[in-house]
Amino acid sequence: MDLNSASTVVLQVLTQATSQDTAVLKPAEEQLKQWETQPGFYSVLLNIFTNHSLDINVRWLAVLYFKNGIDRYWRRVAPHALSEEEKSTLRAGLITNFNEPINQIATQIAVLIAKVARLDCPRQWPELIPTLIESVKVQDDLRQHRALLTFYHVTKTLASKCLAADRKLFYDLASGIYSFACSLWNHHTDTFLQQVSSGNEAAVLSSLERTLLSLKVLRKLTVNGFVEPHKNMEVMVSERSDLLFCRSIGTDNVCRERLEKTIILFTKVLLDFLDQHPFSFTPLIQRSLEFSVSYVFTEVGEGVTFERFIVQCMNLIKMIVKNYAYKPSKNFEDSSPETLEAHKIKMAFFTYPTLTEICRRLVSHYFLLTEEELTMWEEDPEGFTVEETGGDSWKYSLRPCTEVLFIDIFHEYNQTLTPVLLEMMQTLQGPTNVEDMNALLIKDAVYNAVGLAAFELFDSVDFDQWFKNQLLPELQVVHNRYKPLRRRVIWLIGQWISVKFKSDLRPMLYEAICNLLQDQDLVVLFFNCSSPVDDFEFRTDQFLPYLETMFTLLFQLLQQVTECDTKMHVLHVLSCVIERVNVQIRPYVGCLVQYLPLLWKQSEEHNMLRCAILTTLIHLVQGLGADSKNLYPFLLPVIQLSTDVSQPPHVYLLEDGLELWLVTLENSPCITPELLRIFQNMSPLLELSSENLRTCFKIINGYIFLSSTEFLQTYAVGLCQSFCELLEEITSEGQVQVLKVVENALKVNPVLGPQMFQPILPCVFTGIIEGERYPVVMSTYLGVMGRVLLQNTSFFSSLLNEMARTFNQEMDQLLGNMIEMWVDRMDNITQPERRKLSALALLSLLPSDNSVIQDKFCGIINISVEGLHDVMTEDPETGTYKDCMLMSHLEEPKVTEDEEPPTEQDKRKKMLALKDPVHTVSLQQFIYEKLKAQQELLGEQGFQSLMETVDTEIVTQLQEFLQGF
């Protein structure tokens, strides 16, 4: 592309590309896309965006196209890569002048220079850093600022490279320019401090901007540019200067907002340095703690500090307290000298007076609810709760930061601080005057601390007595001003309920919760209070008297609240209740069942709320059991949507949707056309081969147990194809899951199963013949083949015939090889049911006059005796043996209070077991009958000759088992 002739044309098209008219815009974008790979195009763009007389929007667009081109075409190996000649010209042009007047364009130019630097600096662009260093020294304010801006973005980009060779290059760069970066920062910092008192806002802001940029450069060099920063004196001096600068905070500075941003950056330098180089930070521990504690926990910071600065200081204290590098081993002699030195500094600083003051200040100052919070609580309790427990600003807000710091310090120094907190508790015994708002807020703060430190206070607080004598009466105070404290009390109980709370006290708690639920302003208790049923010591009999009231009030609450997060949490509590009481929820769920379809429809744009609904439905189906069939008009479309990978919401809903699908099948009393139809979603799910495969296999098994004939006739062909593809690419564990499905199909439907999964069975047969090396896979192969051999002899014969042609062997020879491998790998089978199945399957080959089978007779008997040892138990009264796997009648299992009642699928499996040869045929009887038939076939002499091939010890054991026959 000729630059002179092309510039005008490209400029015209760029102008058209800034148009709001799509008829003009679209053709221009298409033309620019075609030019992206044309030689010279980026040189034209460079000329355009560096021409300050052109329209800003056109120049902006030119910069963006140039920047995108770097990502696509700058690398040598990229398709349509730029030539080395053009890249050299472009690199030179980019750093010719740093005089861009528009801030936004200047930032984009700095970013694109950094992108080129990431690929070319220093090898192909050695002049970049020297040019930047010279440019930041010039007196012209604009050029100096733009060069400094570019210097920062280049440093930031180079510091982010992770490969060892790139790290080495950055270390070399940092050591070479660190002195200059320090002097640059010192210069701009001194200039700013001198100008602060001048009152010239523009000059102060300009110098502060340069201070900020130079500090950003220094941050990257300091944190990422040295392996052992403490060995570089300039690094340590600069870190100490960070602390000194923060002391320059003023209260009436004209540029306070910008200054606060700079101060926060200083704290980030310290935090990053501590995180990346804890031992290099050791000389700064004392000064950092003194600095942070003085500003946050003494009068020094009053009227000077601001919230984000306090958060950063608290983070600094917390990181020093928790830092693993500063914690010596239990045996001090095993600790490094660096660790012991840091620990010594920490212990010297955190004296009893210091810790006491920090603890008291955290509780009595930072834990107090503010006037703004109280107002928000009064006007919008839901909004207040959402904000407090995870709103967008929660991560960087002061309250959670103070609570985390309190927890960490209390855990680290609990022996010192426990008496302090107990003393604060003691001063608050008894009721509090509702007219004394300050006293109420202090009590709220102390209760907050006691809740946060629950685990640490386990041995120091008699919580049961405190609950009865202090907390329960406070929950019964109905005055409007007491609402925040009642909310705190129920939260406090929630913190302790899984730590130390007697079961006998729970009915009193349930009664109190029912009363609180009738006060809509106390909806927030459900966010911070553990669910009253969501713990290990829950007893259904204690909760049942309150079930109807609690469930009704929770449902009313679910209808009345408006925030998505609130609805999710109430649904969570409802789910816990349903899960705990199980079938006893049935009389009370009618209203919820009617409401959930409406809530599902309303939550179309809120996938996380829909996840909560799915979880509730899972527990609801489990609680309703077979009655869940009445939910199908709503339930099945929900499952259909949640598990359809062609629908966007599946990204959020799939895992819970699959779980709901599974429990629906497990509790279904019979198949319905609609339930059968949603299996159409399964094929794409199997193609995903995701972590949900295990649940998918359980769902397939569920259909087989529910209605094997109808299911297999409808879906077996496609399912078999999916299984064949999966077996080629998944792990051995995945192969076992696939084969277990096949095994279940053969067990449930011995006639149709082998026909439907016929394409898979040759693979199984081949695996046995060739001696599959993974024992668990081999065990499953033998289980599958055992089912075919035992329960569908004609199909086994046709399979053997097919495999004989495949292996080009005689059928008898192939059968002999299979029996030999089966006997040899019997130890791979660990499940008693499958071991008995193998014995039954091989015995089913008898009686036989086939020489191959007679040749393997010894092995068949060996396996049979092993099976007898597995399943036979001796009756101590009669001294006779019986098969412990036999099930002669359907016994209704006795369900204890802690056990879940059997699902419909459990009942189906029990009925299936009553038809399964493994559970209906006595192995002892079967062996006797087969041996007797073999004896009748061969005659006494022939049979004795056959028995002589068996080891005498095995024969003795066999005779012992067969006594009485």
Side-chain angles (χ1 to χ4, degrees), residues 506-507 510-511 513-514 517 526 531-535 538-559 567-600 610 612-639 656-657 659-672 674-675 702 705-706 890 892-911:
R506 288 169 186 271
Y510 298 148
E511 184 78 35
I513 290 175
C514 286
L517 276 170
F526 281 104
S531 167
V533 298
D534 192 13
D535 67 271
F538 173 79
R539 281 171 47 189
T540 306
D541 62 310
Q542 289 182 322
F543 186 72
L544 285 179
Y546 307 93
L547 175 57
E548 182 176 5
T549 302
M550 190 86 75
F551 197 85
T552 302
L553 290 170
L554 282 167
F555 174 67
Q556 291 173 0
L557 187 62
L558 179 64
Q559 290 178 295
K567 286 185 180 292
M568 286 171 57
H569 196 88
V570 178
L571 278 171
H572 169 69
V573 178
L574 280 166
S575 296
C576 288
V577 171
I578 296 169
E579 182 182 16
R580 289 295 192 173
V581 302
N582 208 285
V583 297
Q584 296 175 91
I585 198 64
R586 292 176 183 179
Y588 313 114
V589 295
C591 55
L592 181 63
V593 167
Q594 293 175 3
Y595 176 65
L596 284 178
L598 175 62
L599 184 59
W600 179 265
R610 284 195 160 184
I613 296 172
L614 288 172
T615 302
T616 304
L617 285 171
I618 290 169
H619 296 305
L620 199 55
V621 169
Q622 290 171 327
L624 290 174
D627 292 343
S628 61
K629 184 180 178 183
N630 298 326
L631 299 182
Y632 283 6
F634 166 55
L635 196 61
L636 299 187
V638 167
I639 296 173
D656 293 319
E659 190 65 30
L660 178 59
W661 191 356
L662 177 60
V663 299
T664 300
L665 285 168
E666 289 174 341
N667 290 278
S668 178
C670 60
I671 195 71
T672 68
E674 295 79 14
L675 184 56
F705 290 126
L706 180 59
L890 184 62
E892 285 296 329
K894 295 180 180 179
V895 181
T896 66
E897 182 181 323
D898 297 330
E899 292 178 328
E900 295 181 0
T903 65
E904 294 300 304
Q905 182 162 298
D906 292 332
K907 297 174 185 177
R908 286 190 284 271
K909 287 182 177 180
K910 191 69 177 289
M911 293 298 295

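Keep in mind the model is a prediction, meaning the values are calculated, not measured.
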Checklist outcome for this item: In I578, V663, L662, the residue satisfying side-chain contact (heavy atoms from CB on, under 4.5 Å) with I618 is V663
Checklist entry - Which residue, L554, T615, L599, forms the side-chain contact (heavy atoms from CB on, under 4.5 Å) with L571? => result L599
Item to check | Side-chain donor or acceptor of T664 paired with backbone N/O of L660 under 3.5 Å | outcome: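 Side chain of T664 to backbone of L660, a donor-acceptor pair under 3.5 Å: yes, one is there.
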Could you measure the distance from the [atom1] atom of [X] to the [atom2] atom of [Y]? Nearest 0.5 Å is fine.
{"X": "L517", "Y": "T552", "atom1": "CG", "atom2": "OG1", "value": "10.5 Å"}
{"X": "R908", "Y": "T903", "atom1": "CZ", "atom2": "OG1", "value": "7.0 Å"}
{"X": "L553", "Y": "L558", "atom1": "CG", "atom2": "CG", "value": "12.5 Å"}
{"X": "C670", "Y": "E904", "atom1": "SG", "atom2": "CD", "value": "9.5 Å"}
{"X": "Q622", "Y": "N582", "atom1": "CD", "atom2": "CG", "value": "7.5 Å"}
{"X": "I585", "Y": "E548", "atom1": "CD1", "atom2": "CD", "value": "10.0 Å"}

Would you name the heavy atoms of [X] and [Y] that are closest together and state the gap between them?
{"X": "P669", "Y": "A626", "answer": "CD-O, 3.8 Å"}
{"X": "K907", "Y": "P902", "answer": "CE-O, 4.2 Å"}
{"X": "I639", "Y": "G657", "answer": "CG2-O, 4.4 Å"}
{"X": "Q559", "Y": "K567", "answer": "O-NZ, 4.1 Å"}
{"X": "D541", "Y": "P545", "answer": "O-CD, 3.4 Å"}
{"X": "G623", "Y": "R586", "answer": "O-NE, 2.8 Å"}

Checklist entry - Could you go step by step and tell me if N630 and L624 meet the side chain to side chain contact (heavy atoms under 4.5 Å, CB included) rule? => result CA-CA 10 Å; N630 298 326; L624 290 174; over 6 Å; no
Should [X] and [Y] count as side-chain neighbours, where that means a heavy-atom distance under 4.5 Å?
{"X": "L596", "Y": "L620", "answer": "yes"}
{"X": "W661", "Y": "V638", "answer": "no"}
{"X": "L675", "Y": "L665", "answer": "yes"}
{"X": "F634", "Y": "L617", "answer": "yes"}
{"X": "L706", "Y": "Q905", "answer": "no"}

Checklist entry - Please walk me through it: do Y510 and T549 pass side chain to side chain contact (heavy atoms under 4.5 Å, CB included)? => result CA-CA 10 Å; Y510 298 148; T549 302; over 6 Å; no
Checklist entry - How about Y632 and S668: does a side-chain donor come under 3.5 Å of a side-chain acceptor? => result yes
